[in-house]
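What follows is a short report on a single structure.
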Amino acid sequence: MKKAIDTGRITPLPDGTIDAETADAQWARNTLQPRRAPEHKPPTPQRAQAKPEQVIPDPGTPPLPTGGTSLLQARTVNEVLKAQLNKVELAQRKGELVDRAQAVSHVFKLARTERDAWLNWPARISAQMAARLNVDAHALHVALDAAVREHLQELGELRPRVD
């Protein structure tokens with residue numbers, strides 16, 4: 001009670017007693033409520049007047065724009081980034097992610113193996129096909145080899161994206 005009187009939250013009557021209703025009203029008016037902006041009130045006679053260099057903001061005045069992001073926006077962005085990083089880390093631990101360089105290298109090796117198999121195919125199959133069709137084996141081999149190379153050249157012009 002003495003601290004509330006000393007700090008000016010409540011004022012005693014001239015005889016030193018305290019009126020309960022008046023004290024309750026003064027206490028509610030002069031005490032900051034949690035998570036609320038302080039109210040601007042005229043100084044009581046027991047309080048010291050504000051110094052001229054002190055500026056007391058008007059509660060009706062909106063805060064000045066800072067031109068940047070607010071603390072709440074920055075915290076939100078930070079939390080979103082943390083969540084995304086946690087999601088990636090979890091996927092990595094589960095083995096759902098692959099190394100990009102490794103994947104590109106693996107695709108390249110598979111494509112090269114496929115190309116080599118197609119380039120060797122006319123030599124393996126042309127003699128058997130020529131016997132079935134009763135045609136010259138060498139002529140068939142040359143025709144198949146040219147057709148396969150032309151087809152592989154067309155496929156080589158396709159550039160798959162791995163980004």
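Heavy atoms only: backbone and side chains are in, while hydrogens, waters and symmetry mates are out. Keep in mind that what you see is a predicted model, and the values were worked out from it rather than measured. Here, residue 1 is the first one in the sequence, and each next residue gets the next number.
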Not counting sequence neighbours, list each pair that qualifies as a side chain to side chain donor-acceptor pair (under 3.5 Å) and has a residue in residues 124-133. S126-H141
Tell me every residue that passes side-chain contact (heavy atoms from CB on, under 4.5 Å) with A25, counting only those two or more places apart in sequence or in another chain. none
Using a side-chain heavy atom cutoff under 4.5 Å and only I, L, V, M, F, W and Y, what cluster partners does V77 have? L81
What I'd like to find out is whether the side chain of T11 reaches to under 4.5 Å of the side chain of I5, using heavy atoms alone. no
Between A137 and A130 the two heavy atoms that sit nearest each other are CA-CB, 3.4 Å
Of all residues at least two apart in sequence or in a different chain, which pass the salt bridge (charged side-chain N to carboxylate O under 4.0 Å, His left out) check with K87? none
Could you pull out all residues at least two apart from D116 that satisfy salt bridge (charged side-chain N to carboxylate O under 4.0 Å, His left out)? none
Quiz: residues 103-112 side-chain donor-acceptor pairs under 3.5 angstrom, not counting sequence neighbours:
none

Once rounded to the nearest 0.5 Å, what's the spacing between atom NZ of K3 and atom CD1 of I10? 13.0 Å
Can you tell me if R115 has over 12 outside heavy atoms packed within less than 6.0 Å of its CZ? yes
So, using salt bridge (charged side-chain N to carboxylate O under 4.0 Å, His left out) as the criterion, who are the partners of E114 when residues are at least two apart? none
Within this structure, what is the NZ-CG distance for the pair K82 and L85, rounded to the nearest 0.5 Å? 10.0 Å
Listed partners of W121 passing side chain to side chain donor-acceptor pair (under 3.5 Å), at least two apart: none
Give the minimum heavy-atom separation between V148 and P122, together with the two atoms involved. CG2-CG, 3.9 Å
Residues which pass side chain to side chain donor-acceptor pair (under 3.5 Å) with E89, listed by chain and number, not counting sequence neighbours: R93
Are L119 and L155 connected, step by step, through hydrophobic side chains (Ile, Leu, Val, Met, Phe, Trp, Tyr) whose heavy atoms are closer than 4.5 Å? yes
Could you tell me whether the side chain of V88 reaches within less than 4.5 Å of the side chain of L97, counting heavy atoms only? yes
Just grab all the side chain to side chain donor-acceptor pair (under 3.5 Å) pairs involving residues 146-157, residues at least two apart or on different chains. D145-R149
Tell me the side chain to side chain donor-acceptor pair (under 3.5 Å) pairs involving residues 13-25, sequence neighbours left out? D15-T17, D19-T22
Under the side chain to side chain donor-acceptor pair (under 3.5 Å) rule, collect the residues that match up with N134, sequence neighbours excluded. none
Connected via hydrophobic side-chain network under 4.5 Å: I125 and L140: yes
Nearest-0.5 Å distance that lies between atom CG in L144 and atom CE in M129: 5.0 Å
